[in-house]
Amino acid sequence: MPVRAVAVTTTALLGVALTAPLSHARADEAAGDGPVVVAHRGASGYAPENTLAAVDRAAELGFRWVENDVQRTRDGELVVLHDENLARTTDVEEVFPDRSPWKVKDFTAAEIARLDAGSWFGPEYAGARVPTLEQYVHRVEHNHQKLLLELKSPGLYPGIERQTLKVLANEGWLDRRHVAGRLVVQSFDADSIRTVHDLKPAVKTGFLGTPAVSELPAYAEFADQINPSHSSLSMSYVSSVHAFTGPHGRPLEVLTWTVNDAETARRVAGYGVDGIITNKPDVVRDAVD
C-alpha cells in the first residue's frame with residue numbers, strides 16, 4: 001500500500017555544498033506490495049542524523065523517503081534537529097561553555113550555524129552543520145526525495161504548525177504534486193497534528209503513538225497515519241487501524257519505528273504495516289524484499 005502519506009539564511013548552516021544533482025533515488029522501496037522504507041533522520045545509521053549528509057546518504061542508498069525533526073531557534077528560525085538540547089549531536093558545550101543547558105530555543109540561528117554537527121559521528125563529517133528547514137527541503141527536492149516531517153515538541157514553540165506550513169509553501173512543497181505523494185507531517189502531539197490538518201487540509205498527517213482502538217475514530221478525523229513504535233504493534237492492531245478511513249477518504253495507514261534489524265523488519269512487515277522507519281534502510285529493504 002503506498003504511503004499517503006524571521007528567517008536567517010546563512011551559508012554556514014548549509015554545511016555540505018550542493019553538488020551536481022544526484023541520480024534519482026530509485027523507488028524500489030515503493031515497488032510491489034511491501035512496506036515503504038523511510039530513512040529515519042536521513043540514513044542516520046551511516047551519517048550524522050538530520051544533516052544534509054544523511055539526506056544524501058539515503059539517496060545514494062536508493063531511498064526516496066526521509067524523516068526529519070523540526071524545532072525553532074530563539075530568533076524564530078526553523079531548524080532540523082531531534083533533541084531539545086544541542087549537546088548530544090553538536091559541539092555546543094565547547095563553543096558556548098557558559099550556556100547550559102544548551103536548549104535549541106535559547107540559541108539564535110546564527111549561533112547554531114557555528115556548531116559542528118558531524119564530528120560526534122565521525123571525523124569524515126567534521127564541519128557538518130545543523131540545517132534550517134529551508135535548506136533541508138532544498139536538499140530533499142534536489143535529490144528527488146519525499147519528506148516525513150516531524151514537529152518536535154510543538155508545545156515549546158507556539159505557532160510552529162503555521163510557520164512550518166509557511167516555509168513549505170514558500171519552497172513549493174504545498175503544491176498538488178507534493179501534497180499528493182511527497183509530504184507527510186507527523187507529531188506525538190495530537191493537537192498539533194489537528195492544527196496542521198485544520199490549517200491545510202490537503203496535507204497528509206500522521207500521529208506518532210499507539211492510541212487505543214476505541215480512540216481511532218477521533219484520530220481518523222485529522223490523521224491519515226497512525227505511526228507506533230514497533231514494540232507496541234500486533235497484527236490485530238494494524239488490522240484495526242486499517243479498518244478506519246482517514247480524512248482523505250482512504251484507509252488509515254501504519255508506519256512503525258524505529259526498526260534497525262532484519263528480524264524485526266520481517267516481523268512488522270508480516271503484520272501488514274504500510275511503512276518502516278529505520279536508521280539502516282538498506283538492512284530493512286533487504287529483509288522485506
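From a predicted model like this one, the values you see are computed outputs, not experimental measurements.
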Point to revise | Contacts of E141 that satisfy salt bridge (charged side-chain N to carboxylate O under 4.0 Å, His left out) - sequence neighbours left out | key: R177, R182
Check your understanding: Do S187 and I193 come within less than 4.5 Å of each other through their side chains, counting heavy atoms only?
Key -> yes
**Study point:** Side-chain touch F244/P251, heavy atoms, less than 4.5 angstrom
**Key:** no
Exercise for review: Measure across A220 and P247 and return the closest heavy-atom pair with its distance rounded to 0.1 Å.
Suggested key: O-CD, 3.2 Å
Review point. Is there a side-chain contact between L174 and L183 (heavy atoms, below 4.5 Å)?
Key: yes
Exercise for review: Can you sort out the partners of E67 under salt bridge (charged side-chain N to carboxylate O under 4.0 Å, His left out), two or more places apart, ordered by chain and number?
Suggested key: none
Review point. To the nearest 0.5 Å, what is the distance between CZ (R72) and OG1 (T164)?
Key: 8.5 Å
Point to revise | Cluster overlap W120 with L86, hydrophobic side-chain contacts below 4.5 Å | key: no
Check your understanding: What distance separates E221 CD from T245 OG1, expressed to the nearest 0.5 Å?
Key -> 12.5 Å
Practice item. Evaluate side chain to side chain contact (heavy atoms under 4.5 Å, CB included) for V36 paired with I276, printing each intermediate quantity in order. Key: CA-CA 6 Å; V36 168; I276 300 175; over 6 Å; no
Got a list of side-chain donor-acceptor pairs under 3.5 Å for residues 266-273, not counting sequence neighbours?
{"residue": "R267", "atom": "NH1", "partner": "Y271", "partner atom": "OH", "Å": "3.4"}
{"residue": "R267", "atom": "NH2", "partner": "H230", "partner atom": "ND1", "Å": "3.2"}

Check your understanding: Where is the tightest heavy-atom contact between L115 and R129, given as atom of each residue plus distance?
Key -> O-NH1, 2.7 Å
Review point. Minimum heavy-atom separation for P131 to L52, with atom names?
Key: CB-CD2, 3.9 Å
**Study point:** Q145 side chain vs V137 backbone, donor-acceptor pair below 3.5 Å
**Key:** no
**Study point:** Pairwise side-chain contact, L147 with Y136, heavy-atom cut-off 4.5 Å (strictly under)
**Key:** yes
Exercise for review: Spell out, as yes or no, whether a donor-acceptor pair under 3.5 Å connects the side chain of E253 to the backbone of I226.
Suggested key: no
Practice item. Please name all residues satisfying salt bridge (charged side-chain N to carboxylate O under 4.0 Å, His left out) with E150, sequence neighbours left out, ordered by chain then number. Key: K152
Practice item. Indicate whether the side chain of E77 and that of T132 have a donor and an acceptor atom separated by less than 3.5 Å. Key: no
Check your understanding: Charged N to carboxylate O under 4.0 angstrom, R285 versus D282?
Key -> no
**Study point:** Non-hydrogen side-chain atoms of V38 and V66 separated by less than 4.5 Å
**Key:** no
Review point. Does any donor atom in the side chain of D75 or T73 lie under 3.5 Å from an acceptor atom in the other side chain?
Key: yes
Review point. Do S119 and D116 get their side chains close enough for a donor-acceptor pair, meaning under 3.5 Å?
Key: yes
Point to revise | Reported CG-to-CG distance for the pair N227 and L252, which is rounded to 0.5 angstrom | key: 10.0 Å
Exercise for review: Kindly indicate whether the side chain of F222, heavy atoms from C-beta on, has any atom under 4.5 Å from the side chain of D198.
Suggested key: no
Practice item. Of all the heavy-atom pairs spanning A265 and V288, show the shortest one and how long it is. Key: O-CG1, 3.8 Å
Review point. So, do H178 and W173 sit near enough that their side-chain heavy atoms are less than 4.5 Å apart?
Key: yes
**Study point:** Sidechain N-carboxylate O distance under 4.0 Å for E49, R88
**Key:** yes
Review point. Under 3.5 Å, is there a donor-acceptor pair between the side chain of H144 and the main chain of A59?
Key: no
Practice item. Measure the acute angle between the ring planes of F121 and Y125, then classify it against the limits of 30° and 60° as parallel, tilted or perpendicular. Key: perpendicular
Review point. Can you tell me if T256 uses its side chain to pair, donor with acceptor, with the backbone of P228 under 3.5 Å?
Key: yes
Exercise for review: Start with the C-alpha distance between V283 and N260, add both sets of side-chain angles, then the distance that settles side chain to side chain contact (heavy atoms under 4.5 Å, CB included), and finish with yes or no.
Suggested key: CA-CA 7 Å; V283 171; N260 294 321; over 6 Å; no
Exercise for review: Please name the pair of heavy atoms, one in L156 and one in K105, separated by the smallest distance, quoted to 0.1 Å.
Suggested key: CD2-CE, 4.5 Å
Exercise for review: Taking only Lys NZ, Arg NE, NH1 and NH2, and the carboxylate oxygens of Asp or Glu, determine whether R139 and D56 approach each other closer than 4.0 Å.
Suggested key: yes
Point to revise | D274 side chain vs V254 backbone, donor-acceptor pair below 3.5 Å | key: yes
**Study point:** Pairs where residues 179-202 contributes a residue and the test ring-ring contact (aromatic ring centres under 6.0 Å, His included) is met, not counting sequence neighbours
**Key:** F188-W257
Review point. So, H82 and N68: side-chain donor and acceptor under 3.5 Å apart, yes or no?
Key: no
Point to revise | Y237 vs V213, side chain to side chain contact (heavy atoms under 4.5 Å, CB included): CA-CA, chis, key distance, verdict | key: CA-CA 8 Å; Y237 186 78; V213 172; 4.0 Å; yes
**Study point:** Test item: E171 and H138 side chains (from C-beta on) under 4.5 Å apart, heavy atoms
**Key:** yes
Check your understanding: If you round to the nearest 0.5 Å, how far is CG of L255 from CG of L148?
Key -> 6.5 Å
Exercise for review: Measure the spacing between NZ of K280 and CG of D261 and express it to the nearest 0.5 Å.
Suggested key: 9.0 Å
Check your understanding: Roughly how far apart are T205 OG1 and D224 CG, rounded to 0.5 Å?
Key -> 4.5 Å
Exercise for review: Please test V55 against V140 for side chain to side chain contact (heavy atoms under 4.5 Å, CB included), starting from the C-alpha separation and ending with a verdict.
Suggested key: CA-CA 7 Å; V55 176; V140 174; 4.1 Å; yes
Point to revise | Side-chain donor/acceptor of S232 to backbone N/O of S229, under 3.5 Å | key: yes
Practice item. Could you tell me which non-hydrogen atom of A202 sits nearest to which non-hydrogen atom of V179, and how far apart they are? Key: O-CB, 4.0 Å
Distance-only check: which donor-acceptor pairs under 3.5 Å involve side-chain atoms of residues 92-101, not counting sequence neighbours?
{"residue": "R99", "atom": "NH1", "partner": "E111", "partner atom": "OE2", "Å": "3.2"}
{"residue": "R99", "atom": "NH2", "partner": "D106", "partner atom": "O", "Å": "3.0"}
{"residue": "R99", "atom": "NH2", "partner": "E111", "partner atom": "OE1", "Å": "3.2"}

